[in-house]
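Sequence lines set the chain letters: A, B, ... in the order given, protein chains first and strands last, and positions in each chain run from 1.
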Number of protein chains: 2
Amino acid sequence: MVIGGGPPGENLAERTRAAGLRTVVVERELVGGECSYWACMPSKALLRPPAALAAARAVPGARAAVHGGLDVEEVLAHRDAFASGWQDDSQVRWLRSVDVELLRGQGRLAGPRSVVVTTPEGGELRLAARHAVALCTGSRATLPDLPGMAEARPWSSREATSARHVPDRLAVVGGGVVGVEMAAAWRALGAGVTLLARGESLLPRWEPFVGELVAEGLARAGVEVRTGASVSGLRRPDESGPVVVEVSGGNAVIAEEVLFATGRRPGTENLGLETVGLTPGDWLSTDDTLRVEGVPGGWLYGAGDVTHRAMLTHQGKYQARIAAEAIVARASDQRLDDSPWGRHAATADRRAVPQVVFTDPEAASVGLTLEEARQAGLRVRAVDYDLGSVAGAVLHAEGYRGRARAVVDLDREVLVGVTFVGSGVGELLHSATIAVAGEVPIARLWHAVPSFPTMSEVWLRLLETYRG
Amino acid sequence: MVIGGGPPGENLAERTRAAGLRTVVVERELVGGECSYWACMPSKALLRPPAALAAARAVPGARAAVHGGLDVEEVLAHRDAFASGWQDDSQVRWLRSVDVELLRGQGRLAGPRSVVVTTPEGGELRLAARHAVALCTGSRATLPDLPGMAEARPWSSREATSARHVPDRLAVVGGGVVGVEMAAAWRALGAGVTLLARGESLLPRWEPFVGELVAEGLARAGVEVRTGASVSGLRRPDESGPVVVEVSGGNAVIAEEVLFATGRRPGTENLGLETVGLTPGDWLSTDDTLRVEGVPGGWLYGAGDVTHRAMLTHQGKYQARIAAEAIVARASDQRLDDSPWGRHAATADRRAVPQVVFTDPEAASVGLTLEEARQAGLRVRAVDYDLGSVAGAVLHAEGYRGRARAVVDLDREVLVGVTFVGSGVGELLHSATIAVAGEVPIARLWHAVPSFPTMSEVWLRLLETYRG
């Protein structure tokens with residue numbers, strides 16, 4: 001029994017079914033989940049057109065052919081197509097094609113191995129899971145408790161990825177990934193955007209230079225970036241007029257819409273967690289086989305955002321692959337390999353989580369930052385290189401601005417983290433992910449020759465810098 | 001003593017000097033070599049502008065802003081800048097900055113450890129090398145011995161990368177990397193291009209689908225691609241008129257210029273090879289420490305094209321790094337590690353050579369093709385995936401056409417070769433290079449999660465396909 005039909009739920013179900021277990025997915029909304037309709041897919045469909053245009057404008061000889069800006073209606077239609085028009089027909093067909101049953105409705109636990117589904121018609125179905133129940137109910141945007149929030153009718157990530165009209169002015173609250181991406185997207189579509197970040201820099205969990213370069217890129221695109229800006233309240237004096245966003249100790253921002261991208265909470269309310277001894281509203285705590293801790297009998301699993309292991313679609317799908325194999329192994333009394341990097345251990349969640357921010361410049365990182373590595377007690381050294389000094393980067397875009405950092409574990413001589421910032425670095429990241437997850441020794445990376453003149457040559461420069 | 005100041009010579013010299021050996025580079029032409037002036041740099045400067053424009057045209061919402069084509073003069077000026085105006089001042093400054101001596105002139109061996117340099121003024125210098133002489137004299141384009149070649153005044157790769165005017169019509173002879181790249185570049189600049197390839201497909205050393213997709217891309221760009229077309233002779237009846245390229249059993253091609261991209265020969269003529277028992281005009285045969293075989297005393301090294309190990313700038317630089325460390329180790333009686341992937345063994349030349357072809361679509365590969373792996377006696381399986389089915393690819397470009405292949409060594413469960421074709425795959429390649437050179441087991445690659453929605457997700461699809 002899988003509750004939640006987003007990417008983790010779908011992937012988990014496909015795999016347990018393929019291994020011979022009868023599998024049911026319960027979904028109360030759209031099969032395909034947040035990623036397909038209100039996150040990755042529509043946001044990247046909004047961000048790719050301005051990135052492609054900016055890339056062409058950055059190349060002498062090509063820029064002369066670029067006149068004017070985006071076709072806003074076409075971008076929005078493109079986004080609609082990538083969100084499948086907010087219809088889940090194709091995903092439902094896919095689930096059927098892999099022989100997984102779909103139950104529409106609200107699923108919740110009703111004691112050990114028991115799930116009750118409230119159907120859209122209000123009926124109730126009670127199901128018993130022989131082997132496992134997997135909770136894949138994701139996360140929801142949180143709104144801070146501020147005066148005037150209700151009358152402000154703020155956007156969450158859902159509205160920011162699905163809005164059909166470009167506001168004249170948009171205030172974005174939050175300097176994390178959703179905040180910077182949506183500020184970039186709506187600015188590119190013509191909105192006047194003010195980004196309010198509470199911290200002293202954008203993307204505070206990343207290497208410090210990332211937030212600096214992304215802020216610089218946003219400013220160049222015309223976004224007003226205000227760091228150290230704490231929102232104290234909101235007002236929308238005229239219901240059809242603009243919203244006033246009050247900022248502690250600073251000028252208020254007036255905008256047609258305000259987006260709050262300030263955090264997520266687990267999708268564990270109304271899930272019956274209390275019937276198995278857990279607390280509704282908490283994140284699920286899981287071991288590396290994705291089994292929920294604190295539940296006797298070991299029949300309850302979690303995958304995706306709801307586990308708070310790594311809140312990213314690809315990582316949720318990874319957890320689903322590992323969880324499905326663990327469920328199948330336990331169901332058939334196979335030996336479990338839950339040692340680090342074993343077949344049944346989601347070790348990458350702790351050691352090699354990749355993430356790309358699709359702003360201009362892009363940011364991409366995997367593994368630990370220097371600060372995180374130090375806090376983990378590792379003896380490390382950061383090796384930095386200016387991407388703008390790499391021939392492949394300068395060929396890619398005139399005046400290329402970017403930077404790379406590798407964090408070397410000096411005791412094991414392997415990389416524990418890598419970060420790139422710059423135009424087009426998104427596809428560079430997987431090289432680092434393989435190096436970090438593969439624990440490829442530096443002495444061997446020395447034999448992995450980057451092709452000239454690609455941007456990947458930064459790898460050679462990083463290794464040369466490390467070796468001195 | 002380093003003869004030849006292209007990238008391998010420069011890199012070798014920098015490293016032996018940094019290790020404390022007095023080092024001299026002898027260069028008869030431009031410091032920086034073929035790559036800087038007549039190959040990688042100018043060719044990529046020609047190819048990036050059309051690639052950037054094509055990428056923007058492929059994205060709904062962005063394409064509306066692209067009108068007309070390249071600014072030809074600006075592209076050529078951009079190319080000139082990347083070829084440093086065919087002046088080597090900056091490279092000479094760099095050599096000085098790393099304290100390497102430069103001797104302008106023609107260097108040649110004059111017996112063991114002895115080099116004679118004929119200076120531009122016609123003087124002669126005789127120098128003795130205490131530790132080593134390294135030959136880094138590269139390769140030259142070869143022209144087939146065909147009737148009428150002289151009167152045709154054909155382009156080689158040098159003219160194709162440095163020409164200052166766009167011919168109305170260009171015939172390109174040769175379906176290898178230089179042929180397809182230059183056909184793409186000059187077509188993008190407005191020339192009518194006919195590509196004549198003797199074989200039945202383009203890029204015959206690559207996986208078969210590569211030539212197919214690149215031919216399709218060239219045809220879409222308006223290049224007339226003729227395979228199985230053998231040139232039998234040339235005529236330029238009027239000295240200032242077009243050239244007639246006769247094709248065996250087919251229609252002749254009439255064009256303002258004809259480029260021959262049909263092969264390379266070693267830069268070993270007039271190099272005094274005969275004074276040390278080698279044959280002028282032969283490629284140098286080297287061991288994995290880059291020492292030339294068959295020369296008593298072990299003082300002669302080679303790096304770059306002249307060794308015929310892997311005719312690519314980045315691989316020549318890799319050889320230079322390995323050779324320099326070997327020279328220094330031997331000079332200081334350090335232990336040599338010439339075991340596979342050791343510090344002093346250029347193992348990647350045989351196992352993990354990466355290459356990118358900057359056409360549209362791009363092609364990128366590392367390691368062995370399926371055919372090569374089979375011929376090497378490996379028990380292998382090819383795993384293919386359609387890149388056009390990857391979300392990140394379809395977000396990158398509408399109607400994305402591309403393909404990926406991984407060649408799995410079934411006995412060791414590692415990848416021995418990977419090939420990608422498609423728009424923007426160039427930066428994807430280094431992930432494969434690390435996987436192949438790092439011999440990362442498939443079971444561990446399973447934990448290297450590609451970030452969604454990048455094109456790199458094709459990695460997950462390949463691994464899923466392999467695992468079934």
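For L429(B), the part lying under 4.5 angstrom from a heavy atom of chain A is the side chain only. In this structure, the portion of R321(B) lying under 4.5 Å from any heavy atom of chain A is its side chain and not its backbone. Residue A345(B) touches chain A through its backbone alone, counting heavy-atom pairs closer than 4.5 Å. Contacts of L47(B) with chain A are absent, with no heavy-atom separation under 4.5 Å from either backbone or side chain. Contacts of V440(B) with chain A are made by side-chain atoms alone, with heavy-atom separations under 4.5 Å and no backbone atom involved. For a residue to count as touching a neighbouring chain, one of its non-hydrogen atoms must lie under 4.5 Å from one of that chain's; by this rule E398(B) does not touch chain A. Heavy atoms of L312(B) lying under 4.5 Å from chain A are absent altogether. Using a 4.5 Å cut-off between heavy atoms, T433(B) touches chain A through backbone and side chain atoms alike. Interface remark: L445(A) contributes side-chain atoms only to the contact with chain B (heavy atom separation under 4.5 Å). Within the 4.5 angstrom heavy-atom criterion, no atom of V366(B) approaches chain A.
Interface check for chain B: of the options E74(A), H314(A), R343(A), the most heavy-atom pairs under 4.5 Å are formed by H314(A). Per-residue counts of heavy-atom pairs under 4.5 Å with chain A were compared for M455(B), M41(B), H396(B); the largest is that of H396(B). Ranking P50(B), P450(B), P441(B) against chain A, the residue ahead of the rest is P450(B), based on heavy-atom pairs under 4.5 Å. Top candidate by heavy-atom pairs under 4.5 Å with chain A, chosen from V394(B), V66(B), L395(B), is L395(B). Counting heavy-atom pairs closer than 4.5 Å to chain B, the top-ranked of the candidates G68(A), A443(A), A397(A), G69(A) is G69(A). Residue with the most contacts toward chain B among R351(A), E439(A), R57(A), E73(A): E439(A) (heavy-atom pairs, distance under 4.5 Å). Most heavy-atom pairs under 4.5 Å with chain B, from the set G342(A), G424(A), A432(A), A64(A): that is G342(A). Interface check for chain B: of the options P354(A), A391(A), C35(A), the most heavy-atom pairs under 4.5 Å are formed by P354(A). Interface check for chain B: of the options D71(A), V59(A), V449(A), L53(A), the most heavy-atom pairs under 4.5 Å are formed by V449(A). The choice from P453(B), A54(B), G392(B), P60(B) that makes the most heavy-atom pairs within less than 4.5 Å of chain A is P60(B). Of the residues considered (A52(B), A51(B), S451(B), P49(B)), S451(B) shows the highest number of contacts with chain A, using heavy-atom pairs under 4.5 Å.
Contacts between residues 75-84 of chain B and chain A, counted as heavy-atom pairs separated by less than 4.5 Å, involve V75(B), H78(B), F82(B). At a heavy-atom cut-off of under 4.5 Å, chain A is reached by R461(B), E464(B), R467(B) from residues 461-468 of chain B, listed in order of number.
A salt bridge links E457(A) and K317(B); the closest N-O separation between the charged side-chain nitrogens and carboxylate oxygens is under 4.0 Å. E181(B) and K44(B) are joined by a salt bridge, as a carboxylate oxygen and a charged side-chain nitrogen come within less than 4.0 angstrom of each other.
Donor-acceptor pairing under 3.5 Å is recorded for the side chains of E427(B) and S456(A). In the model, W206(A) has no side-chain atom that pairs as donor or acceptor with a side-chain atom of S365(A) under 3.5 Å.
Taking OG1 from T454(B) and CD from Q355(A), the interatomic distance works out to 12.0 Å, rounded to the nearest 0.5 Å.
W459(B) and H430(A) have tilted rings, their planes meeting at an angle from 30° to 60° on a 0 to 90° scale.
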